[in-house]
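Notes to accompany the following structure.
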Amino acid sequence: MMLHLDIEVDDLEAETGRAVAEGARLADYQPQDDVRVLLDPSGHPFCLWVETPA
(Lines give C-alpha, C1' and ligand atoms only; values in the text may rest on other atoms or scores of the structure.)
Protein backbone atom coordinates (compact mmCIF):
# COMPACT_ATOMS: atom_id res chain seq x y z
CA MET A 1 0.00 0.00 0.00
CA MET A 2 1.26 3.47 -0.87
CA LEU A 3 0.16 6.86 0.42
CA HIS A 4 0.29 9.88 -1.89
CA LEU A 5 0.90 13.25 -0.24
CA ASP A 6 -0.29 16.57 -1.63
CA ILE A 7 1.50 19.36 0.24
CA GLU A 8 0.33 22.97 -0.05
CA VAL A 9 3.19 25.49 -0.08
CA ASP A 10 3.42 29.28 -0.32
CA ASP A 11 6.34 29.41 -2.77
CA LEU A 12 6.29 26.55 -5.27
CA GLU A 13 9.71 27.16 -6.81
CA ALA A 14 11.50 27.62 -3.48
CA GLU A 15 9.93 24.53 -1.92
CA THR A 16 10.60 22.47 -5.04
CA GLY A 17 14.24 23.49 -4.78
CA ARG A 18 14.31 22.56 -1.12
CA ALA A 19 12.77 19.14 -1.81
CA VAL A 20 15.31 18.47 -4.58
CA ALA A 21 18.15 19.53 -2.28
CA GLU A 22 16.90 16.97 0.25
CA GLY A 23 16.96 14.12 -2.29
CA ALA A 24 13.70 14.32 -4.24
CA ARG A 25 13.64 14.53 -8.03
CA LEU A 26 11.15 16.03 -10.42
CA ALA A 27 8.88 13.58 -12.21
CA ASP A 28 9.00 13.64 -16.01
CA TYR A 29 5.31 14.52 -16.25
CA GLN A 30 4.15 17.83 -14.74
CA PRO A 31 0.35 18.11 -15.16
CA GLN A 32 -0.28 21.70 -14.06
CA ASP A 33 1.51 25.03 -13.64
CA ASP A 34 0.56 25.26 -9.95
CA VAL A 35 1.66 21.69 -9.05
CA ARG A 36 5.06 20.00 -8.98
CA VAL A 37 5.12 16.21 -8.98
CA LEU A 38 8.25 14.87 -7.30
CA LEU A 39 9.60 11.46 -6.41
CA ASP A 40 11.23 10.66 -3.09
CA PRO A 41 14.55 8.75 -3.10
CA SER A 42 12.62 5.45 -3.17
CA GLY A 43 10.56 6.57 -6.18
CA HIS A 44 7.30 7.28 -4.34
CA PRO A 45 5.43 10.27 -5.84
CA PHE A 46 4.26 13.32 -3.91
CA CYS A 47 3.01 16.72 -4.99
CA LEU A 48 3.74 20.26 -3.94
CA TRP A 49 1.03 22.73 -4.90
CA VAL A 50 0.18 26.37 -4.46
CA GLU A 51 -3.34 27.77 -4.33
CA THR A 52 -4.04 30.07 -7.23
CA PRO A 53 -6.84 32.64 -7.29
CA ALA A 54 -9.99 31.50 -9.05
Side-chain angles (χ1 to χ4, degrees):
M1 180 175 284
M2 187 184 323
L3 177 71
H4 179 90
L5 299 176
D6 291 322
I7 304 165
E8 182 180 10
V9 297
D10 292 326
D11 184 330
L12 189 56
E13 296 310 313
E15 295 303 329
T16 299
R18 184 161 77 163
V20 169
E22 293 294 328
R25 62 185 169 87
L26 281 170
D28 291 334
Y29 177 66
Q30 299 296 317
Q32 298 165 252
D33 291 336
D34 58 351
V35 175
R36 290 296 171 274
V37 180
L38 296 109
L39 304 170
D40 73 12
S42 297
H44 301 118
F46 66 96
C47 293
L48 302 179
W49 65 280
V50 63
E51 186 172 353
T52 55

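Take Pro41 and apply the side-chain contact (heavy atoms from CB on, under 4.5 Å) test, not counting sequence neighbours, and it matches no residue. A search for side-chain contact (heavy atoms from CB on, under 4.5 Å) contacts involving Glu22 returns nothing, not counting sequence neighbours. Residues that satisfy the side-chain contact (heavy atoms from CB on, under 4.5 Å) test with Leu5, not counting sequence neighbours, are Leu3, Ile7, Phe46. The side-chain hydrogen bond (donor to acceptor under 3.5 Å, both in side chains) test applied to Asp33 returns no partner, not counting sequence neighbours.
When all heavy atoms are compared, the tightest approach of His4 to Cys47 is NE2-SG, 3.4 Å. Considering every non-hydrogen atom in both Val9 and Val50, the closest pair reads O-CG2, 3.4 Å.
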Distance-only donor-acceptor hits, side chain of residues 13-21, under 3.5 Å, sequence neighbours excluded:
from	atom 1	to	atom 2	distance (Å)
Glu13	OE2	Arg36	NH2	2.9
Glu15	OE1	Arg18	NE	3.0
Glu15	OE1	Arg18	NH2	2.9
Thr16	OG1	Leu12	O	2.7

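Identified under the side chain to side chain donor-acceptor pair (under 3.5 Å) test for residues 38-49, with sequence neighbours left out: Asp40-His44.
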